[in-house]
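Below: one structure, written as structure tokens.
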There are 2 protein chains.
Amino acid sequence: MRDSKVRPRYQRIKEFIYRGIKGHTYPPDSQIPAEIELARMFKVSRMTANRAVRELVNEGILVRHQGLGTFVADIQAESPLLEIRNIADEVRARQHIYSNELRLLQKEQASAEVAARLGVAKGSPVFHSLILHKENGVPIQIEDRYVDAAIAHGYLEQDFSRITPNQYLSELFPLSEIEHIIEAVLPDRQVHELLKIDPNEPCLLVNRRTWSDGRLISYARLIHPGSRYRLSSRSARF
Amino acid sequence: MRDSKVRPRYQRIKEFIYRGIKGHTYPPDSQIPAEIELARMFKVSRMTANRAVRELVNEGILVRHQGLGTFVADIQAESPLLEIRNIADEVRARQHIYSNELRLLQKEQASAEVAARLGVAKGSPVFHSLILHKENGVPIQIEDRYVDAAIAHGYLEQDFSRITPNQYLSELFPLSEIEHIIEAVLPDRQVHELLKIDPNEPCLLVNRRTWSDGRLISYARLIHPGSRYRLSSRSARF
DNA sequence: TTCCCGTAATTGTATATACAATTATATACA
DNA sequence: TGTATATAATTGTATATACAATTACGGGAA
């Protein structure tokens, strides 16, 4: 019941500002309320408002000028490197047949590693799904995903053969921030058996974490055979 | 005059910890002094020490466990994909020592593959450089780069131990567009010898093409050992 | 032995307060 | 009119303090 637990006050202020930016209450370059004003609005001390704003500045979402105020950064120029794509759509866009196998869907207690990645306490309940995605019947991705059970209550009841976890989550929690960490690894036994590849074939491991309104929603390990998959991106910058 | 101005106290504490990590006073996974102890050491309040440590946690340098203490994160090299950053700066930002070896710098006739990637006719003159980048003396990237000789006339005359090709090119041709294609591959003989890795260790191969004002400037294959390098990107979106 | 509980150590959050630094703007003065 | 000065608004840093939450560990009970 982590969700019933109050989120920190500075976090609520951050979420208020996130929403304000997303909802165009605070368009790019516009000024947001001063610390003292935020403190009044949320009935907190100025230091608490200060922490909220300072963290948003560190995230590159706001910029501050002493004596002047705090403004929404013009971040629109930055186009995301890796689109968060729906693998099913991606396969279909290539005119191929998409299918998947749900290999696992259960509630677990977070291991130390998962807890650290997901920002929850070790042992707290998380939902864990493992889906094998296929293109024309050939495995192309293992999606190994963890979601904070306190956030995504209905996760276990979804039919993931019809809707990907990605789709389900992004409807409930619109994406506000995304992190990718990419590695090249050799497959362990489970991976090479699932992907039907040679134990010596290198794999691309994409660690993806997604946030909604500053809240960490989900951590996924996406594993692709090096021979059948490439990540690409092309972006213009101004 | 900037330096004569006193740095904030929390900043001094951060620098102390940075140095402690760099100088192996605090090796990976070791515990750093508790907030209260840092506060005593620097004669500041606990909140000031808290700010220093909290910022280092946000930077991924430290990890904290409530009730246990604060520990040096096992930092692996990570490079942001969104920014086309200079690998030398990247290494130095981690407080490590950057060095490189220029293994090749010559004019060639474009092979079929290079010609295709670079958008020139097969056999047309291209400059080819191969640089081995090192962090603390350990190889972390092979930069294998091709540039259209008709565009970057002075390429062969550069001193690439002082300025990376990236720096040189981006000064002449400001970046307007960038493409990345990422693969996981096994190293061929030259690669595993240069990077000093096992022939079975997977590598991250980043194929990067850059444009300036719509003109394709350069094609680079950046090869990293999977064990020593990761690519990361994080972006906010609204 | 095994389990439960209290305690110490440590981090996490929050407050009220203070003063410094920066910037724009209004005001007074030559 | 033009210039120097005071002032208000705002952020930047720092302190002392408080209590909550988490974890390891040791001591005692079953």
Side-chain angles (χ1 to χ4, degrees), chain A residues 1-17 26 29-58 61-73 109-112 115-116 118-125 150 214-216, chain B residues 1-17 26 29-58 61-73:
Chain A
M1 280 301 137
R2 143 169 319 221
D3 221 58
S4 68
K5 193 185 269 184
V6 281
R7 282 192 296 286
R9 300 182 187 181
Y10 72 85
Q11 185 62 36
R12 292 180 173 274
I13 300 178
K14 287 180 71 174
E15 285 164 21
F16 166 80
I17 298 170
Y26 304 126
D29 291 327
S30 67
Q31 186 168 12
I32 67 157
E35 286 182 359
I36 203 94
E37 180 57 28
L38 287 171
R40 249 197 304 271
M41 289 165 62
F42 286 86
K43 296 188 176 34
V44 298
S45 73
R46 191 192 141 209
M47 283 310 293
T48 299
N50 176 269
R51 174 166 181 181
V53 176
R54 189 146 39 76
E55 292 197 356
L56 290 170
V57 169
N58 285 338
I61 291 176
L62 301 176
V63 293
R64 316 193 81 178
H65 300 287
Q66 193 167 353
L68 284 182
T70 305
F71 305 84
V72 177
Q109 293 185 310
S111 68
L118 214 46
V120 300
K122 186 181 160 189
S124 54
R215 267 209 305 181
L216 182 49
Chain B
M1 285 290 152
R2 151 169 325 184
D3 224 62
S4 69
K5 193 183 271 185
V6 280
R7 283 190 299 287
R9 300 183 186 181
Y10 72 86
Q11 188 60 42
R12 291 179 173 272
I13 300 178
K14 287 180 71 174
E15 284 162 18
F16 166 80
I17 297 171
Y26 303 127
D29 292 327
S30 66
Q31 186 168 11
I32 66 156
E35 287 182 359
I36 202 88
E37 180 57 30
L38 285 171
R40 250 197 303 271
M41 289 163 63
F42 286 86
K43 295 190 178 27
V44 299
S45 74
R46 190 190 143 208
M47 284 310 293
T48 300
N50 176 269
R51 174 166 181 181
V53 175
R54 190 147 38 77
E55 292 196 357
L56 290 170
V57 170
N58 285 339
I61 310 257
L62 300 176
V63 294
R64 316 192 81 178
H65 300 288
Q66 193 168 353
L68 285 182
T70 305
F71 304 85
V72 177

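In what follows, every chain begins at residue 1, and chains take the letters A, B, ... in the order their sequences are listed.
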Note to self: Counting Watson-Crick and G-U wobble pairs with both distances under 3.5 Å, what is the dot-bracket string for DNA chain C, 5' to 3', using [ ] for crossing pairs and | for pairs to another strand?
What the structure shows: ||||||||||||||||||||||||||||||
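Minimum interatomic distance between Leu62(A) and Val72(A) (heavy atoms only, all atoms of both residues): CD2-CA, 3.9 Å. Across every non-hydrogen atom of Ala73(A) and Val63(A), the tightest pair is CB-CG1, 4.2 Å.
Residues of residues 39-54 of chain A having a heavy atom closer than 4.0 Å to DNA chain D, listed by number: Arg46(A), Met47(A), Asn50(A).
Taking Arg12(B) as the reference, Arg7(B) meet the side chain to side chain contact (heavy atoms under 4.5 Å, CB included) condition, with sequence neighbours excluded. Residues passing the ring pair (Phe, Tyr, Trp, His ring centres under 6.0 Å) test with Tyr26(A), sequence neighbours excluded: none. Annotation: salt bridge (Lys or Arg N to Asp or Glu O under 4.0 Å) contacts of Arg64(B) (sequence neighbours excluded): Glu35(B).
Side chain of Gln31(A) to main chain of Leu68(A): a donor-acceptor pair is present (N/O by atom type, distance under 3.5 Å, no hydrogens or angles).
A tilted orientation is assigned to the rings of Phe71(A) and His65(A), their planes being inclined by 30° to 60°.
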Next item on the list: Give the C-alpha distance, both sets of side-chain angles, the deciding distance and a yes or no for side-chain hydrogen bond (donor to acceptor under 3.5 Å, both in side chains) between Asn50(B) and Arg54(B).
Entry: CA-CA 6 Å; Asn50(B) 176 269; Arg54(B) 190 147 38 77; 3.1 Å; yes
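We find that NZ of Lys14(B) is positioned 10 Å from P of dT13(D), with the value rounded to whole Å. What separates CD1 of Ile13(B) from C1' of dT13(D) is a distance of 12 Å, to the nearest Å. When the P atom of dG12(C) is taken as reference, atom CZ of Arg7(A) falls 19 Å away, rounded to whole Å.
The OG1 atom of Thr48(A) lies 11.5 Å from the CZ atom of Phe42(A); values are rounded to the nearest 0.5 Å. Considering CG of Leu56(A) and CD1 of Ile61(A), their distance stands at 5.5 Å, rounded to 0.5 Å.
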Heteroatom pairs (N/O) under 3.5 angstrom, protein to nucleotides 4-10 of chain D:
unit_1, atom_1, unit_2, atom_2, d
dT10(D), O2, Gly67(A), N, 3.3

